[in-house]
Amino acid sequence: MLRLDAIEPELLRAALQAIPEEERRRLNDDWPSWAHQGQRPAGEDWHVWLIQAGRSFGKTRAGAEWVSEKARAVPGARIALVAATAAEARRVMIEGKSGLLAVATEEERAAMRWAPSLGRLDFASGAQAQVFSAADGEGLRGPEHHYAWCDELAKWKRAEASWNNLMLGLRLGPRPQAVVTTTPRSVPVLKRVMAMRGLERSGGPSRANPHAGLRFLEAMEAEIGGTRLGRQELEGELVEEVERALWPRDLIERARVALRYGSSPGSAPTQDERDFFRRIVIGVDPPASTEGDACGIVVCGLGRDDVAYVLADCSVAGAMPEVWARRVAAAAAEWGADRIVAEANNGGRMVESVLLAADAGLPVRLVHASEGKTARAEPVATLFERKRAKLAGRFPALEDELAGLSIGGGYEGPTRSPDRADAMIWALWELMLRKKAAMPRITRL
């Protein structure tokens, strides 16, 4: 079957303009030809299909097309349309540009009956869809349905009660099913849905939709790409929040700045721009093994404003010592660093030898972690809280590790060990805390 989403947008527009209007209308109604990956389920053997994706991915279109297919296939179907409010259900799910009225064929639309005052949509087949507000969880107690479409589940105010009542009433027909279309947020009801047995999942970033507005995406990526909001709204990622986190996500976002010298985030400054920094240090947290652990390599600088800046994350995973040592040396040369601070717990003097063999050409300070990771992380987190330390750019992998460190000694990040976070912490200790606090939790080798 011809896949229209595989054709370049400009070529597709030109081709459509060259064919008769009736043929264009037929193609527009042929949803399987337009749907891109993630807008169709892999099969039918599921109870809940979760489409978790970024803005403009096409979640609403996918939900409306699925409901329309069920209405055609099951003439007597009873379908629940649930949104955060009844007004949002009407505006997005029914009357929106990708809603149920818009995706119907001309013949179907002529026979459909939409009664806004009743919140009821009667399909041409005789199937009926009823609007429900998640703000009124009790409204879903009692009604029974064959199918349900839940939009923006992560926004629901009374999510638990509404979801429970919906699921209890989803019991008509041989295979009752619900589709959930949502941009992710770290809320209990979404995590609960994600943990369901037999869940069908799809989704992806905004750019996965070949029909999305390119200018809009480019503008949004330039504005929020790589931030927590961007990862959530554009990449469709569920960005977790650890309880009692040392670096809560909002603290990470508040600490993000663009340096005055104007270089792109993560790129080394010119010589003139380096004059802004009094010192530049590279923190290194060597891996205990090459079995998946990363060698944390983070560049930090002390500005003339007495604020420390995280400048680059050059970490490398699964590399032999000579490989990560060369990466350290390259970063030192690129950034004009004046010192390397490396944790020695996992290799003792071997760390210094490897770095010297890589011809870093810089003094290497070996530090020994005599207490837990969180004990030495807490004073550094305080620097961020006091606006004495900032992130000069976007470092998603490093930020995920920082967000996984919790008060009291825990780590719940995405990696086995917070290697990048440790490297940053060592560098900031050197720049901001070593002389003032005599580094009480660190011993020189």
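Both backbone and side-chain heavy atoms feed into the values below; hydrogens, waters and symmetry mates do not. Worth saying up front: this structure is predicted, and the values here are computed from it rather than measured. Numbering starts at 1 and runs along the sequence shown.
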Handout entry: Any donor-acceptor N or O pair under 3.5 Å, side chains Trp426, Glu343
Key =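 Per modelled atom types, Trp426 and Glu343 side chains form a pair under 3.5 Å.
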Handout entry: Polar side chain donor-acceptor pair, Gln232 to Thr183, under 3.5 angstrom
Key =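 Absent: no donor and acceptor within the cut-off.
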Practice task
Could you tell me whether Arg158 atom CZ has more than 12 heavy atoms of other residues or ligands within 6.0 Å of it?
Solution key: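 Open.
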Problem - Summary of salt bridge (Lys or Arg N to Asp or Glu O under 4.0 Å) pairs that have at least one residue in residues 45-59, sequence neighbours excluded - result: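 Checked against salt bridge (Lys or Arg N to Asp or Glu O under 4.0 Å) - neighbours excluded - the pairs reaching residues 45-59 are Arg55-Glu233.
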Practice task
Determine which pairs satisfy salt bridge (Lys or Arg N to Asp or Glu O under 4.0 Å) with at least one residue from residues 165-182, sequence neighbours left out, and list them in order.
Solution key: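 For residues 165-182: Glu144-Arg171.
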Exercise for the section: Locate the shortest heavy-atom distance separating Trp114 from Leu121; write the atom from each residue and the value. Expected result: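 Taking Trp114 first and Leu121 second, the nearest heavy atoms are CB-CD1, 3.7 Å.
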Handout entry: For Ser202 against Trp49, the heavy-atom pair lying closest together
Key =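 Between these two residues, the closest heavy atoms are OG-NE1, 3.0 Å.
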Exercise for the section: Test Gln52 against every option in Leu190, Val180, Val193 by the side chain to side chain contact (heavy atoms under 4.5 Å, CB included) rule and name the one that passes. Expected result: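 Exactly one pass, corresponding to Leu190.
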Problem - Interatomic distance, Ser68 atom OG to Trp149 atom CH2 [nearest 0.5 angstrom] - result: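 Spacing of OG (Ser68) from CH2 (Trp149) equals 8.5 Å.
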Practice task
State whether Arg256 and Glu399 are salt-bridged, where the test is any N-O pair (Lys NZ or Arg NE/NH1/NH2 against Asp/Glu carboxylate O) under 4.0 Å.
Solution key: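 Yes, charged N to carboxylate O under 4.0 Å.
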For residues 123-131, run the donor-acceptor check on the side chains, cut-off 3.5 Å, and write out each pair with its distance to 0.1 Å, sequence neighbours left out.
| residue | atom | partner | partner atom | Å |
| --- | --- | --- | --- | --- |
| Ser125 | OG | Ala71 | O | 2.6 |
| Ser125 | OG | Ala127 | N | 3.3 |
| Gln128 | NE2 | Asp122 | OD1 | 3.1 |
| Gln130 | NE2 | Leu118 | O | 2.9 |
| Gln130 | NE2 | Gly119 | O | 3.0 |

Exercise for the section: Report the relative orientation of the aromatic rings in Trp66 and Trp46; use parallel for angles under 30°, tilted for 30 to 60°, perpendicular for over 60°. Expected result: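 Rings of Trp66 and Trp46: tilted, as their planes differ by 30° to 60°.
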Exercise for the section: Over 60° means perpendicular and under 30° means parallel, so classify the ring planes of His36 and Phe57, tilted if in between. Expected result: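 Answer is perpendicular, since the angle exceeds 60°.
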Under 3.5 Å, sequence neighbours excluded: what are the donor-acceptor pairs made by side chains of residues 83-90?
| residue | atom | partner | partner atom | Å |
| --- | --- | --- | --- | --- |
| Thr85 | OG1 | Glu88 | N | 3.1 |
| Glu88 | OE1 | Lys155 | NZ | 3.2 |
| Glu88 | OE2 | Lys155 | NZ | 3.2 |
| Arg90 | NE | Glu95 | OE1 | 3.3 |
| Arg90 | NE | Glu95 | OE2 | 2.8 |
| Arg90 | NH2 | Glu95 | OE2 | 3.4 |

Practice task
Could you go through the salt bridge (Lys or Arg N to Asp or Glu O under 4.0 Å) check for Glu253 and Arg231 one step at a time?
Solution key: CA-CA 12 Å; Glu253 296 302 332; Arg231 293 171 65 188; over 6 Å; no
Problem - Those residues that, when tested against Glu200, pass salt bridge (charged side-chain N to carboxylate O under 4.0 Å, His left out) (two or more places apart) - result: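 Scan of Glu200 (salt bridge (charged side-chain N to carboxylate O under 4.0 Å, His left out), adjacent residues dropped) gives none.
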Practice task
Would you please name every residue forming a salt bridge (charged side-chain N to carboxylate O under 4.0 Å, His left out) with Arg91, sequence neighbours left out?
Solution key: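 Once residues adjacent in sequence are excluded, Arg91 has no partner under the salt bridge (charged side-chain N to carboxylate O under 4.0 Å, His left out) criterion.
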Problem - Beyond-backbone contact of Ser315 with Trp324, side-chain heavy atoms, under 4.5 angstrom - result: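 Side chain of Ser315 against side chain of Trp324, heavy atoms only: no contact under 4.5 Å found.
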